[in-house]
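So the structure is just underneath, and the comments pick up after that.
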Amino acid sequence: MFPLPLSLQYDFTRGSFTPFEHYSERRLSDLAELFHDQEAVRRALKRDDPLVYDWRAQPFQTPESDLTFGVTRIYPGQVGGEYFMTRGHFHLQRALPEIYFCLQGTGMLLLESEAGAFQAVTWTPGTVSHIPPHTAHRAVNTGDTILVFAAVYQQSAGHDYKTVAQRGFAQLVVAREGKPVLVANPRRGE
Ligand code: M6P
Ligand code: ZN
C-alpha cells in the first residue's frame with residue numbers, strides 16, 4: 001500500500017542510520033580547491049589524504065514526493081587554520097528549502113544568498129536551522145570531536161556546487177588561539 005521504507009532507525013552513538021540508499025565520502029583531495037591556503041593543502045596531501053566528511057541519505061520516494069533524510073558526519077581537523085567543512089551548495093531548484101539539525105559536536109552553519117547576504121549560525125547539539133530558498137549552505141566543524149547533523153530536503157532540489165566552488169562564502173572560519181573566528185574571504189576581494 002505504502003512505498004517502503006516508512007521509517008528508518010538512527011543510531012545516536014554511531015551518528016548513522018539504516019537502511020540508507022546513498023553513502024558518499026569526501027577526502028581532502030576531493031575538496032582541495034575549497035580551502036584558502038593552497039600551500040597548506042599541498043603539504044597536508046603529501047602526508048596523507050584524510051576523510052573530511054561522509055554522509056548517508058534515504059529518499060522517501062512516492063509518486064508525488066521525494067522527501068529525503070540525510071546525516072552528515074564531519075571529522076575534526078584543519079588545513080592552514082581553516083576548519084574541515086562540507087563542500088557547500090545552492091539547490092539547483094533555488095526555491096526549495098532545507099532543514100539542518102545538529103545532533104553531535106560543535107560547529108557553524110554558513111548561509112549566503114545569491115545577492116551575497118551572509119550569516120553564520122553557531123551550532124551545538126539540538127540546534128535546528130532552516131535554510132531558506134535561494135541560500136547557499138555549508139557546515140563547518142569547529143570542535144575537536146566529530147560534528148554530526150541531520151538534513152531534511154527534497155531530493156529533486158539537486159545540488160549546484162559550481163557557484164560555491166567559484167566564489168566561496170563571504171567569510172572563512174579559521175582557528176585563532178584555538179577558537180573559531182570569522183574572517184573575510186580574501187578571494188572575494190580579488
Ligand atoms: C547534507 C545534505 C545533502 C548534502 C550533504 C553534504 O546531508 O545537505 O544534500 O549532499 O549534506 O553536503 P555537500 O553536498 O555540500 O557536500
Ligand atoms: Zn542542500
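Counting starts at 1 for both ligands and their atoms, in listed order.
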Q: Using modelled atom types only, decide if a donor and an acceptor are shared between the side chain of D11 and the backbone of S16 within a distance under 3.5 Å.
A: no
Q. Applying a strict 4.0 Å limit to heavy atoms, is R26 in contact with ligand 1?
A. no
Q) Can you say whether the rings of F20 and Y23 are parallel (under 30°), tilted (30 to 60°) or perpendicular (over 60°)? A) tilted
Q.
Would you call the rings of F149 and Y100 parallel, tilted or perpendicular, taking 30° and 60° as the class edges?
A. tilted
Relative to the heavy atoms of [X], which atoms of ligand 1 are at a distance of less than 4.0 Å?
X    : value
T72  : 1 (C), 5 (C), 7 (O), 11 (O)
Y161 : 10 (O), 13 (P), 14 (O), 15 (O)
A151 : 1 (C), 2 (C), 7 (O)
Y53  : 6 (C), 13 (P), 16 (O)
E98  : 2 (C), 8 (O)
G88  : 15 (O)
H159 : 3 (C), 4 (C), 9 (O), 10 (O), 14 (O)

Q. So which bit of H137 gets within less than 4.0 Å of ligand 1, heavy atoms only: side chain, backbone, both or neither?
A. neither
Q. Which bit of R138 is near ligand 1, meaning a heavy atom under 4.0 Å away: side chain, backbone, both or neither?
A. neither
(Q) Quick check on side-chain contact (heavy atoms from CB on, under 4.5 Å): which of T145, T122, T142 does T106 satisfy it with? (A) T142
Does [X] pair with [Y] as a salt bridge, N-O distance under 4.0 Å?
X    : Y   : answer
E114 : R94 : yes
D54  : R73 : yes
E33  : R87 : yes
R176 : E82 : no

**Q.** the Zn ion (ligand 2): protein N, O or S atoms [distance under 2.8 Å]
**A.** H89 NE2, H91 NE2, E98 OE1, H137 NE2
(Q) Between H159 and H91, is the side chain to side chain donor-acceptor pair (under 3.5 Å) condition met? List the steps. (A) CA-CA 5 Å; H159 297 88; H91 291 152; 5.8 Å; no
Q) Does F12 have R14 sitting over its ring (NZ/CZ under 6.0 Å from centre, angle to axis within 45°)? A) no
Q) Checking ring pair (Phe, Tyr, Trp, His ring centres under 6.0 Å) for the pair F90/Y161: CA distance, chi angles, key distance, verdict? A) CA-CA 7 Å; F90 279 97; Y161 291 112; over 10 Å; no
**Q.** Backbone or side-chain N or O of Y100 under 3.5 Å from ligand 1 N or O
**A.** yes
(Q) Would F149 count as a polar contact of ligand 1, with the cut-off being nitrogen or oxygen pairs under 3.5 Å? (A) no
**Q.** W123 vs S129, side chain to side chain donor-acceptor pair (under 3.5 Å): CA-CA, chis, key distance, verdict
**A.** CA-CA 9 Å; W123 271 4; S129 300; 3.0 Å; yes
Q.
Judged on heavy-atom distance to atom 13 (P) of ligand 1, which of H89, H91, Q155, H22 sits nearest?
A. H89
